[in-house]
Amino acid sequence: MPRPHVLVARAVFPEVVERLRAHFEVEDNPGDIIYSAAELSARLQGKQGAFTTGSERIDAALLDANAQLRAVCNMAVGYNNFDVDACTARGVLCTNTPDVLTETTADFGFALMMATARRISESEHYLRRGEWTRWAYDMFTGRDVHAATLGILGMGRIVQPIARRAALGIGMRVIYHNRSRLAAEQEAPIGARYVDKATLLAQADHLVLVLPYSAASHHAIGAAELAQMKPTATLTNIARGGIVDDAALAQALRERRIAAAGLDVFEGEPQLNPALLDLPSVVLTPHIASASVATRRAMANLAADNLIAALTGGAPPTPINPQVLASR
Ligand code: 8YV
């Protein structure tokens, strides 16, 4: 039987590409060029599978131009770059990489919240500029994190690790909001209390966003929501750009309607709203919440496991639309 052909759309650990070469004819991208939609579609000609990241959009037009495609395997837990309905309608399996990045991302979310509340970036820049000449009683005073109220908007796997760190680690009171609620036995050990969105916004000292991006979550935090937060509150986004209205956030920070923000994701990234760059009260990081060496390796291997299983008759470990497999 001829070996399937696959595209590895971005540069990735060489040993993971080698794993794929054991099963497939592989076109890889060691130069890590970001393909335009037209180039991605052209490179997928004749390929049955794709190893993708969040930067490759898989939509109906691309699928129609590549009717031979059987599987698209994202090296990411988020998959808003996939039109899953269009894939399902054409029998294309979609997979993602849940679970392997949860604790690493929770570590980062916690670090970003801490850095934001305690003004770590702002004070470091001051020091590097050579402006630190003496101690002052109010120099870079921030907001306490321990014993404060953590608000989590969103749900799913990441809520519990963040809540666990917060409640059991440093005695935070944890409230969360999402369309659905954790079971009582999941809430109890981490002391998480379900509240409505208005209560979450009004009571959180530190608000962390962990919800997936969709049309429904677009600008879930905009001017109206920011206006409901405490002027002393911080906002941390480790979920997706577009969940926060970045222009409204920049304005709220400029007018000191909230105290500070920690952002790992941005609308239109890697471009940033320039207003954010001018604000000292924002900690900015380039979408690295899952970026520990071990976790990125685990994500790449899980995406490869999915691709190998999908095209060799196996059971992909983390399918998004498993109904496609049932109908094969
Ligand atoms: C990825 C992420 O690194 O998993 C996700 O959803 O946001 C990150 O961990 C990024 O999407 C690249 O694929």
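Side-chain atoms are counted along with the backbone in the values below, which use heavy atoms only and exclude waters and symmetry mates. Remember, it's 1-based here, ligands and their atoms both numbered in the order they're listed.
Ranking protein heavy atoms by distance to atom 3 (O) of ligand 1, first place goes to Arg296 NH2, 3.2 Å. Annotation: atom 10 (C) of ligand 1 to nearest protein heavy atom, His287 NE2, 4.0 Å. The closest protein non-hydrogen atom to atom 4 (O) of ligand 1 is Val77 N, 2.7 Å. When hydrogens are left out, the protein atom nearest atom 9 (O) of ligand 1 is Ser290 OG, 2.6 Å; that is the closest non-hydrogen contact.
Remark: ligand 1 atoms within the under-4.0 Å shell around heavy atoms of Gly54 are 12 (C), 13 (O). Atoms of ligand 1 lying under 4.0 Å from any heavy atom of Leu101, numbered from 1 in the order shown and given with element: 4 (O), 9 (O). Interface atoms of ligand 1 facing Arg240, defined by a heavy-atom separation under 4.0 Å, are 2 (C), 5 (C), 6 (O), 7 (O), 11 (O). Listed by number with element, the atoms of ligand 1 under 4.0 Å from a non-hydrogen atom of Thr53 are 13 (O). Interface atoms of ligand 1 facing Gly78, defined by a heavy-atom separation under 4.0 Å, are 4 (O), 5 (C), 6 (O).
Looking at ligand 1, you won't find any N or O of Met299 less than 3.5 Å from one of its N or O atoms. Taking any N or O of Ala76, backbone or side chain, none lies under 3.5 Å from an N or O belonging to ligand 1.
Side chains of Leu249 and Ile258 form a contact here, defined as non-hydrogen atoms less than 4.5 Å apart. You'll find the side chain of Arg181 reaches within 4.5 Å of the side chain of Tyr176, heavy atoms only.
Ring centroid separation for the pair Tyr194 and His177 comes in under the 6.0 Å cut-off.
No side-chain donor-acceptor contact under 3.5 Å links Arg240 to the backbone of Leu211. A distance-only check finds no donor-acceptor pair linking the side chain of Asp205 to the backbone of Thr232 [under 3.5 Å].
Heavy atoms of other residues, nucleotides or ligands lying less than 6.0 angstrom from CZ of Arg128 number 12 at most.
The salt bridge (Lys or Arg N to Asp or Glu O under 4.0 Å) with Asp28 is formed by just one residue from the set Arg10, Arg21, Arg19; it is Arg21.
Between Arg165 and Glu103, at least one side-chain nitrogen of the basic residue sits less than 4.0 Å from a carboxylate oxygen of the acidic one, meeting the salt-bridge criterion.
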